[in-house]
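Below is one structure, written out as structure tokens; the observations come after it.
All chains are named by letter (A, B, ...) in the order of the sequence lines, taking the proteins before the strands, and each is independently numbered beginning at 1.
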2 protein chains.
Amino acid sequence: MKSLTIGKVAGQAGVGIETIRFYEHRELIEPPPRSAAGYRQYPENTVQRLRFIRRAKELGFSLKEIKELLTLQSNPKTTCADIKQRAEMKLADIHQRIHDLEKMGSALETLVTACSADATSAECPILQALAEE
Amino acid sequence: MKSLTIGKVAGQAGVGIETIRFYEHRELIEPPPRSAAGYRQYPENTVQRLRFIRRAKELGFSLKEIKELLTLQSNPKTTCADIKQRAEMKLADIHQRIHDLEKMGSALETLVTACSADATSAECPILQALAEE
DNA sequence: CTTGACCCTGTAGTATAGTACAGTGATTAG
DNA sequence: CTAATCACTGTACTATACTACAGGGTCAAG
């Protein structure tokens with residue numbers, strides 16, 4: 001069972017060394033055994049775990065939520081429904097954020113359209129809209 | 001020319017007192033004159049300025065960007081085109097963020113759909129997707 | 001004249017996700 | 001054997017936008 005130094009793990013997982021120590025501190029990964037000199041000795045599956053974290057982040061999960069997912073993952077009593085529920089909540093959250101951004105976007109779009117290039121700032125419909133009583 | 005205390009301004013603008021002091025520190029509003037006792041004495045247009053900031057925030061501008069907008073606003077040489085350019089950049093930024101969220105959302109949607117409720121966590125397609133080599 | 005509401009400064013904490021040192025010790029290649 | 005690289009801890013800093021004190025002083029109503 002060979003072990004990896006933190007630098008090797010970081011390289012293979014595509015994250016920074018500091019990030020790994022940060023994740024250990026945040027309890028997303030287990031504190032690994034140490035060598036006589038105090039060096040962290042990672043089992044190979046740590047690379048997979050870090051990739052799991054990276055992918056979950058890409059799906060929009062926060063580190064806090066990912067920690068929950070990892071805990072669920074390692075619990076044999078966890079059902080697919082438990083995970084699905086989290087994913088659906090995150091999906092709802094994403095849809096809400098899209099909705100908010102679309103609202104912002106269309107409001108801004110209206111103002112941009114109303115704005116003709118060669119007026120002074122005093123006549124600018126964007127600034128006027130922002131300055132309204 | 002009557003002046004307002006920070007509490008009055010906060011009440012009328014719909015923001016917290018601490019927020020106003022924070023905005024002063026961040027140079028979004030001018031340091032107002034002080035009374036003999038050191039109390040801030042705001043001109044009435046500070047309320048409008050705070051509402052401007054609030055509305056710009058609702059449109060997705062950061063405080064840093066709002067500071068720029070306010071500087072532009074008070075510069076007589078500013079043209080509508082200057083403002084429009086900022087608004088268009090922000091709009092592009094919002095569209096990008098929507099795009100990113102939609103990508104996340106559809107990836108997650110696929111996984112949620114693949115997930116049937118009564119499997120164990122080991123068989124969960126969501127966890128499997130995250131744990132892939 | 002007292003009491004409560006208000007205001008002051010300055011610092012520190014919240015949440016998110018790291019990143020960047022400083023200062024020191026260990027390991028490895030030549 | 002020595003130099004370069006790597007690892008260690010701990011603290012502080014980045015960005016964003018506040019929020020929460022502590023420990024004072026001030027103002028207005030009764």
Side-chain angles (χ1 to χ4, degrees), chain A residues 2-29 31-42 46 49-70 90 93-94 97 100-101 104, chain B residues 2-29 31-42 46 49-70 90 93-94 97 100-101 104:
Chain A
K2 76 177 175 200
S3 64
L4 303 164
T5 61
I6 196 167
K8 294 278 196 315
V9 173
Q12 285 181 37
V15 301
I17 288 174
E18 308 286 351
T19 303
I20 297 176
R21 290 201 273 252
F22 175 70
Y23 286 172
E24 180 179 321
H25 181 69
R26 290 284 301 270
E27 299 180 311
L28 280 127
I29 57 175
R34 301 292 187 112
S35 71
Y39 283 26
R40 288 176 180 80
Q41 295 176 303
Y42 288 101
T46 302
R49 198 172 173 95
L50 287 169
R51 286 189 186 145
F52 182 107
I53 294 169
R54 209 190 58 208
R55 291 201 187 96
K57 266 161 53 65
E58 284 165 11
L59 289 176
F61 290 98
S62 69
L63 293 189
K64 191 179 167 191
E65 289 161 344
I66 293 169
K67 189 181 165 185
E68 284 176 21
L69 288 177
L70 287 164
K90 179 51 60 183
D93 176 48
I94 289 172
R97 278 154 70 193
D100 292 346
L101 285 170
M104 275 183 196
Chain B
K2 75 176 177 201
S3 63
L4 303 164
T5 63
I6 197 168
K8 294 279 196 316
V9 173
Q12 285 182 38
V15 301
I17 287 174
E18 309 284 352
T19 303
I20 296 177
R21 290 200 274 250
F22 175 70
Y23 286 172
E24 181 179 321
H25 182 70
R26 291 285 300 270
E27 298 179 312
L28 281 128
I29 56 175
R34 302 292 185 111
S35 72
Y39 283 26
R40 289 176 180 80
Q41 295 176 302
Y42 289 101
T46 302
R49 198 172 173 97
L50 288 169
R51 287 190 186 143
F52 182 107
I53 295 169
R54 209 190 59 208
R55 291 200 187 97
K57 267 161 51 66
E58 283 165 11
L59 290 176
F61 291 98
S62 68
L63 292 188
K64 191 179 168 189
E65 290 161 342
I66 293 168
K67 188 181 164 182
E68 283 176 20
L69 288 178
L70 287 164
K90 180 49 60 182
D93 176 47
I94 288 171
R97 279 154 70 192
D100 292 347
L101 284 171
M104 275 183 195

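- Between I94(B) atom CD1 and F61(B) atom CZ the span is 7.5 Å, to the nearest 0.5 Å.
- Across all non-hydrogen atoms, the minimal contact from Y23(A) to L63(A) is CE2-CD1, 3.7 Å.
- Across the interface with DNA chain C, nearest-nucleotide mapping of R26(A) and A36(A) shows R26(A) to be the residue nearer the 5′ end.
- Here dT9(D) is the nucleotide among dT9(D), dC18(D), dC7(C) with the atom lying nearest to any side-chain atom of R21(A).
- Atom NZ in K90(A) sits 6.0 Å away from atom CZ in R97(A) (nearest 0.5 Å).
- The Y39(B) side chain lies nearest to dC6(C) when the options are dC6(C), dA17(D), dA7(D).
- Using a cutoff of 4.0 Å between basic side-chain nitrogens and carboxylate oxygens, R21(A) and E18(A) are scored as salt-bridged.
- Across the protein-nucleic acid pair, E18(A) atom CD and dT16(C) atom P stand 21 Å apart, rounded to whole Å.
- Taking atom CD of Q41(A) as the reference point, atom P of dC6(D) lies 18 Å away to the nearest angstrom.
- Distance CG/L70(B) to CD/E68(B): 10.5 Å, rounded to 0.5 Å.
- Contact between the side-chain N/O atoms of Y23(A) and the OP1/OP2 oxygens of dG18(C) is found at a separation under 4.0 Å.
- Look at K57(A) and you'll find a side-chain N or O under 4.0 angstrom from OP1 or OP2 of dG18(C).
- Atom NZ in K67(B) sits roughly 13 Å away from atom P in dA15(D) (whole-Å rounding).
- Closest approach of L28(B) and K67(B) over heavy atoms only: CD2-N, 3.7 Å.
- Among dC21(C), dT27(C), dT9(C), the nucleotide with an atom closest to any side-chain atom of A37(A) is dT27(C).
- Atom CD of E65(A) is separated from atom C1' of dT16(C) by 12 Å (rounded to the nearest Å).
- OP1 or OP2 of dT19(C) lies within a sub-4.0 Å distance of a side-chain N or O belonging to T19(A).
- Side-chain atoms of S62(A) lie closest to dA17(C) of the nucleotides dG25(D), dA17(C), dT9(C).
- At dG18(C), none of the side-chain N or O atoms of R54(A) fall inside 4.0 Å of OP1 or OP2 (strictly under the cut-off).
- Note on the helix from dC1(C)-dG30(D) to dG30(C)-dC1(D): terminal axis deviation equals 20°, with five pairs used at each end and the result rounded to 10°.
- Between I20(B) atom CD1 and dT19(D) atom P there is a gap of 12 Å when expressed in whole angstrom units.
- Minimum atom distance to the side chain of I6(A) is reached by dC8(D), of the listed dC21(D), dC8(D), dC8(C).
- At a threshold of 4.0 angstrom between heavy atoms, the contacts of S35(A) with the nucleic acid are absent.
- At the heavy-atom level, R40(B) lies under 4.0 Å from the strands shown only through sugar-phosphate atoms.
- Taking atom CD1 of I29(A) as the reference point, atom C1' of dG18(C) lies 14 Å away to the nearest angstrom.
- What separates CD1 of I53(B) from P of dC18(D) is a distance of 9 Å, to the nearest Å.
- Nearest approach of P32(B) to E24(B), heavy atoms of both residues: CD-OE1, 3.5 Å.
- Note that CD1 of I66(A) is 10.0 Å distant from CZ of R26(A), once rounded to the nearest 0.5 Å.
- We find that CZ of F22(B) is positioned 17 Å from C1' of dT9(C), with the value rounded to whole Å.
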